[in-house]
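For reference, the structure is listed below as structure tokens.
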Amino acid sequence: MTDLRVELPGLSLKNPVMPASGCFGYGREYSQWYDLSELGAIMIKATTKEPRFGNQPPRIAETEAGMLNAIGLQNPGLEKVMAEELPFLEYYDVPIIANVAGSTIEDYVYVSEHISKAPNVHALELNISCPNVKSGGITFGTDPVMAYELTRKVKTVSEVPVYVKLSPNVTDIVAVAKAVEAGGADGLTMINTLFGMKLDLKTGRPVLANETGGLSGPAIKPVAIRMIYQVSQQVKVPIIGMGGIQTAEDVIEFLYAGASAVAVGTANFIEPLICPRIIQKLPEVMEQLGVKKITEFVGRSHKQYA
Amino acid sequence: MTDLRVELPGLSLKNPVMPASGCFGYGREYSQWYDLSELGAIMIKATTKEPRFGNQPPRIAETEAGMLNAIGLQNPGLEKVMAEELPFLEYYDVPIIANVAGSTIEDYVYVSEHISKAPNVHALELNISCPNVKSGGITFGTDPVMAYELTRKVKTVSEVPVYVKLSPNVTDIVAVAKAVEAGGADGLTMINTLFGMKLDLKTGRPVLANETGGLSGPAIKPVAIRMIYQVSQQVKVPIIGMGGIQTAEDVIEFLYAGASAVAVGTANFIEPLICPRIIQKLPEVMEQLGVKKITEFVGRSHKQYA
Amino acid sequence: MMQEQMVVKKHSSIAKDIYEMVLAGDLVRQIARPGQFIHIKVGSGIDPLLRRPISIAELDRDRCEITILYRAQGKGTKMMAEMNPGEKLDVLGPLGNGFPVDALRHGQKALLVGGGIGVPPLYELSKQLKARGVEVRHVLGFESAAHAFYIDQFSALAPTSVATVDGSRGTKGFVTDALAGDGWNFDCIYACGPAAMLRALETEYPGRRGFFSLEERMACGIGACYGCVCRTKNSPDNATKKVCSDGPVFEMGEVLI
Amino acid sequence: MMQEQMVVKKHSSIAKDIYEMVLAGDLVRQIARPGQFIHIKVGSGIDPLLRRPISIAELDRDRCEITILYRAQGKGTKMMAEMNPGEKLDVLGPLGNGFPVDALRHGQKALLVGGGIGVPPLYELSKQLKARGVEVRHVLGFESAAHAFYIDQFSALAPTSVATVDGSRGTKGFVTDALAGDGWNFDCIYACGPAAMLRALETEYPGRRGFFSLEERMACGIGACYGCVCRTKNSPDNATKKVCSDGPVFEMGEVLI
Ligand SMILES: Cc1cc2nc3c(=O)[nH]c(=O)nc-3n(C[C@H](O)[C@H](O)[C@H](O)COP(=O)(O)OP(=O)(O)OC[C@H]3O[C@@H](n4cnc5c(N)ncnc54)[C@H](O)[C@@H]3O)c2cc1C
Ligand SMILES: Cc1cc2nc3c(=O)[nH]c(=O)nc-3n(C[C@H](O)[C@H](O)[C@H](O)COP(=O)(O)OP(=O)(O)OC[C@H]3O[C@@H](n4cnc5c(N)ncnc54)[C@H](O)[C@@H]3O)c2cc1C
Ligand SMILES: Cc1cc2nc3c(=O)[nH]c(=O)nc-3n(C[C@H](O)[C@H](O)[C@H](O)COP(=O)(O)O)c2cc1C
Ligand SMILES: Cc1cc2nc3c(=O)[nH]c(=O)nc-3n(C[C@H](O)[C@H](O)[C@H](O)COP(=O)(O)O)c2cc1C
Ligand code: FES
Ligand code: FES
């Protein structure tokens, strides 16, 4: 029997696979496709203090082996998420990781304090890496000092463990990771999207109304693997990895790199059943590799030779 | 009649298409496939002061819509490049852009001083962005102060215009671009490869002996377009753009973004005739778009609305 | 809503770059209304990565078949154009709300206006309206005669005017030109086509009852990604609707086009 | 060296995951030696992105045809396995130097050692050596009887020993086990297979004459990218050779394996 369970701060996961934030809404749509209790966890869409209406469309552009999005953190705001979305998810036996975003440190602290009280929110994920909003967001993720400060403040109010989501758009990902670890982060999630753009052949103008967007999908996997490989050797807190995952084999590559669990983003749009399919496939691949416990994969790319 | 000519510092280009450094050797292999005089220019492989033997194999890994390489700047050294490679290229009517690499500022200065004297070298390209060597290389490309310093010193010795090749692995590409412009760069070339990695499913170990490598190919095009779009609005010097170009339409997207000419890298490996094919196709696409002079495309993504 | 490997039953080119494809599968049973769409994964790899939304143009419940009409323009649709009968196509569907056929009663009048690749969903709509005894007229706009398709099929159902941009068939100009001076007093307008066409109809028929099918770039197609939103009109709180799951059909005046 | 859309003439599975494909095209005229290879672009898109190097296993100059034998293991070769006769395959070739057939004269003895997917290039080599009147013997190693291929074809040319890792066919173990105790005094050894096999042969036959065909991950396949280098042995300056254009065949002892 293969053992898919993973224990992380605040999270007892049945298996290491969860949908990534922003790629699964608040679960309602995908609940029509399968029982959400099958998932390791759910990372819900970014929640801000006030409702956000996001960017103008077009918000989506396809690229080679990837896509750009510029949603702009559209969400109904903390109050509605607490009142309408989180209670819906209580019907399922699955821990929720609440993705928190804001423009100021105070915003993050406010949302974190409240949303961490929801009974099914088992952890927070601070989104300091959204490339699609004008203020806040990514600036926290690219400056280690601000990232440290934000993490520290949120830690003082959160009732659940705090994970910080790192931006790949930085010169030194290890420096940011160490800063948020020093700020008290219980874990890291990485990576958010790469900052990209596409132009229309006919008009010459950006395809996205927001001009630039976040690049996700298989195209970015090598960058994600590299960053997790580097960071996991320099920090002690666990990592939830993401970026282009499509298959059970991809999941194992992320674990090898040093992630303890993974999130699937873009692939949900192409295969609504991708998460349960990967979860079902994992034991088979583990057997082929002669591995009984999924945790044995973690960090194998460096640990076995350390 | 469509006009493909482009004038850049040191370079009178018949057309805006040239092979990218490291993806075309010193031209010998591709000269068996077509007349190199058809090209706008040739960016030759990085040249260092002493011969370099590069990294252990495997040096190549395929990824989704991209590839990783960790060649490690293998080259026969300045002396041999001057004595054997550049004279061979004199048989062709095509300007050469010499890609210069090193571990110290002195290395760069030394190579630049000498190679800029070769009769067919019309410009230098300072490679301050190679992710695959332990010292030098990318560190110059991620620190604006060092990038400024290096450019300034090379400018004092070079007999031809100096282009600086930027690394995309930075938080703030505009800051580096402005620094090298302030250092006297006559132009920019961008982007070099993204820093990435791939792990082997069976062993868990990196596929590349060097562990990490540079990600190139269509996967990185959205990042290249975004960076050129940002930088071209903030600097006055021209940009030669690259990153995932495969078609004439891609070339035009780079020009729209703000590049004045382009380089084709990875695509040469798949289609040895890719450069002449793109050059041949450009007039057709220009006619469809109703554009007579290729220079009219440049910067259209922002200039027409400025 | 389901995912299915539908079987290509027929496939042919019917106008310049326009293809007609008949697909068979169980998801046909779930189709509720004309104007719903399917979300197609072309090829089995990552190129192209995303699904393509295509309207259901005709429905044959007995044979469990649908017809789609599409323009091969970009990477995905060009690949689709290469498919042969017998091959399978990965489809999500049926998606979206579709046109309300029951907005009209027997004897009422419906004007159906389609532009380019907005024409397809109107075909099944027209058939169903006719079946209810609604009096239907069609106005279809195309780039040129070479691009025009399904005119005979529409004409067989109800009176059909055609406009082409270059005048090579029907009225020269846009659908609005073909409408001009047509004093026919419809009870409801149903339209699908470019945003400019829909805006022109809004201007032309202020305050009239109508339903518009919109297009937007989509990722998930099921309401989860917020990629395809449009803004609701006159709403104090700037609220948005998702074209894929709240639409693609909206009441005229409901959303900003 | 040219790029050509070669036509798939025959295609069939001949052992577990092993396929035999016959390709026709003009580039066959340019083939100089056994052991050269072709560089194949599978599919027309970017997935997979790079070409796949595959050895030429047999050559029919009259019909302008070559045979390749390949294992469907990863993305590219699995896609290739789906191809049907009549379809076209984008090929660069012939590439590389190949085995020197003229290293031996009439009556001399050649030992050909192949492991797994290193076996294919030895087939044409054996035919050409035989045609020169060279006395040939084969030793072929496979994982198991199910994975073994072309044993009858090789046996028809010359005496052939087989080793399988699980002992399900021939000697149990590696090719070196099948060689053990074989006192046959060859003049030259030609080998292609896993690095471990080649190293074992170097150890087994120090100072003997031989030619090894190597494998390395390739991008360009024509010597331009420096992706596929190996180091030359005992060279003071650490010099490298490119497997694609200086090789894939090297004299035993020339390069580090
Ligand atoms: C609800 C709905 C119904 C549609 N019904 C039809 C139909 O019946 N027949 C038909 O020919 N077309 C229809 N379209 C438009 C069709 O989806 C696009 O033409 C198609 O996605 C283009 O794909 P491509 O591979 O040709 O182009 P590419 O240029 O390769 O597409 C790149 C990306 O842009 C998206 N895209 C490009 N154009 C459009 C567009 N006009 N609308 C939405 N996304 C776009 C693609 O889906 C893809 O994600 C419909 C669109 C929507 C939203
Ligand atoms: C000169 C030469 C001759 C060869 N001849 C044959 C032959 O006749 N029959 C045969 O079955 N195989 C042969 N190989 C090996 C063959 O190239 C690989 O099996 C094949 O490239 C794997 O591709 P894939 O799509 O199955 O694997 P993937 O895993 O999708 O490949 C990913 C990448 O790794 C490369 N790669 C993976 N394995 C190898 C390998 N063993 N050698 C080189 N590159 C590899 C691929 O080319 C590709 O770039 C030869 C290799 C070389 C270098
Ligand atoms: C449409 C879309 C919306 C996203 N929204 C969010 C978000 O609200 N918060 C967040 O932290 N990440 C967001 N992301 C990033 C993803 O969670 C994930 O980090 C990224 O897409 C990489 O994973 P993937 O390649 O599997 O998609 C979004 C990504 C996409 C594609
Ligand atoms: C195999 C390989 C070798 C390269 N060597 C160099 C080099 O020597 N100097 C350099 O400046 N860039 C080098 N590059 C980077 C390319 O010049 C180019 O910037 C990059 O690959 C992006 O373009 P592409 O996506 O078209 O390949 C190399 C790239 C590849 C793939
Ligand atoms: S396409 Fe995802 S919400 Fe409509
Ligand atoms: S594969 Fe490019 S040099 Fe050999």
Side-chain angles (χ1 to χ4, degrees), chain A residues 61 63-68 131 141-143 167-173 176 194-206 211-213 215 217-230 244 246 249 252-257 285 288-289 297 299-305, chain B residues 61 63-68 131 141-143 167-172 176 194-206 211-213 215 217-230 244 246 249-250 252-257 285 288-289 297 299-305:
Chain A
T63 68
E64 260 80 14
M67 62 172 275
L68 293 165
T142 54
D143 178 349
S167 165
N169 303 291
V170 296
T171 310
D172 187 351
I173 188 79
V176 186
L194 280 166
F195 199 17
M197 188 172 194
K198 181 175 179 171
L199 302 175
D200 183 85
L201 180 66
K202 282 198 190 115
T203 65
R205 291 287 301 157
E211 302 196 345
T212 56
L215 180 65
I220 70 169
K221 200 181 76 173
V223 175
I225 294 290
R226 185 265 297 181
M227 290 189 162
I228 293 168
Y229 178 80
Q230 291 180 319
Q246 290 188 300
E249 288 81 358
I252 292 170
E253 190 177 355
F254 274 78
L255 301 184
Y256 281 152
V285 183
Q288 278 163 20
L289 297 168
F297 290 121
R300 208 183 248 195
S301 60
H302 44 83
K303 281 193 191 142
Q304 65 184 345
Y305 296 81
Chain B
T63 68
E64 261 79 16
M67 63 172 275
L68 293 165
T142 54
D143 178 350
S167 167
N169 303 289
V170 296
T171 309
D172 187 352
V176 186
L194 280 167
F195 199 18
M197 190 173 193
K198 180 175 179 172
L199 303 174
D200 183 85
L201 180 66
K202 283 199 187 116
T203 66
R205 292 287 300 157
E211 303 194 343
T212 56
L215 181 64
I220 70 169
K221 200 182 75 172
V223 175
I225 294 290
R226 183 266 296 180
M227 289 189 162
I228 292 167
Y229 178 80
Q230 292 180 320
Q246 290 189 300
E249 287 82 359
D250 290 339
I252 293 169
E253 189 176 356
F254 274 79
L255 301 184
Y256 281 152
V285 183
Q288 277 163 22
L289 296 169
F297 289 121
R300 206 182 252 197
S301 60
H302 43 84
K303 282 192 190 142
Q304 66 183 349
Y305 297 82

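Chain naming here is simple, since letters A, B, ... match the order of the sequence lines and numbering starts at 1 in each. Just so you know, these numbers use all the heavy atoms, side chains as well, and skip hydrogens, waters and symmetry mates.
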Minimum heavy-atom separation for Leu289(B) and Lys202(A), please, with both atom names. CD2-CA, 4.1 Å

Could you state the interatomic distance from CZ (Arg205(B)) to NE2 (His302(A)), rounded to the nearest 0.5 Å? 9.5 Å

Taken to the nearest 0.5 Å, the spacing of Ile228(A) CD1 from Leu199(B) CG works out to 10.0 Å

To the nearest 0.5 Å, what is the distance between CG on Leu68(B) and CZ on Arg226(A)? 10.5 Å

Determine the minimum heavy-atom distance between Glu249(A) and Leu201(B), stating which atoms define it. CG-CD2, 3.6 Å

Write down the atom of Leu215(A), the atom of Pro222(B), and the distance for their closest heavy-atom approach. CD1-CG, 4.0 Å

From the list Val176(A), Asn169(A), Asp143(A), Thr171(A), side-chain contact (heavy atoms from CB on, under 4.5 Å) with Thr171(B) holds only for Thr171(A)

Inter-residue atom distance Thr63(B).OG1 - Ile225(A).CD1, 0.5 Å rounding: 11.0 Å

Just wondering, do Glu253(A) and Lys198(B) contact through their side chains at under 4.5 Å, heavy atoms? yes

Using every non-hydrogen atom in the two residues, find where Ala65(A) and Ala65(B) come nearest and quote the distance to one decimal. CB-CB, 3.5 Å

Could you tell me which non-hydrogen atom of Tyr229(A) sits nearest to which non-hydrogen atom of Pro206(B), and how far apart they are? OH-CG, 4.4 Å

Please report the interatomic distance OG1(Thr212(B)) to CD(Gln230(A)), rounded to the nearest 0.5 Å. 7.0 Å

Under 4.5 Å from a heavy atom of chain A, the part of Asp200(B) involved: backbone

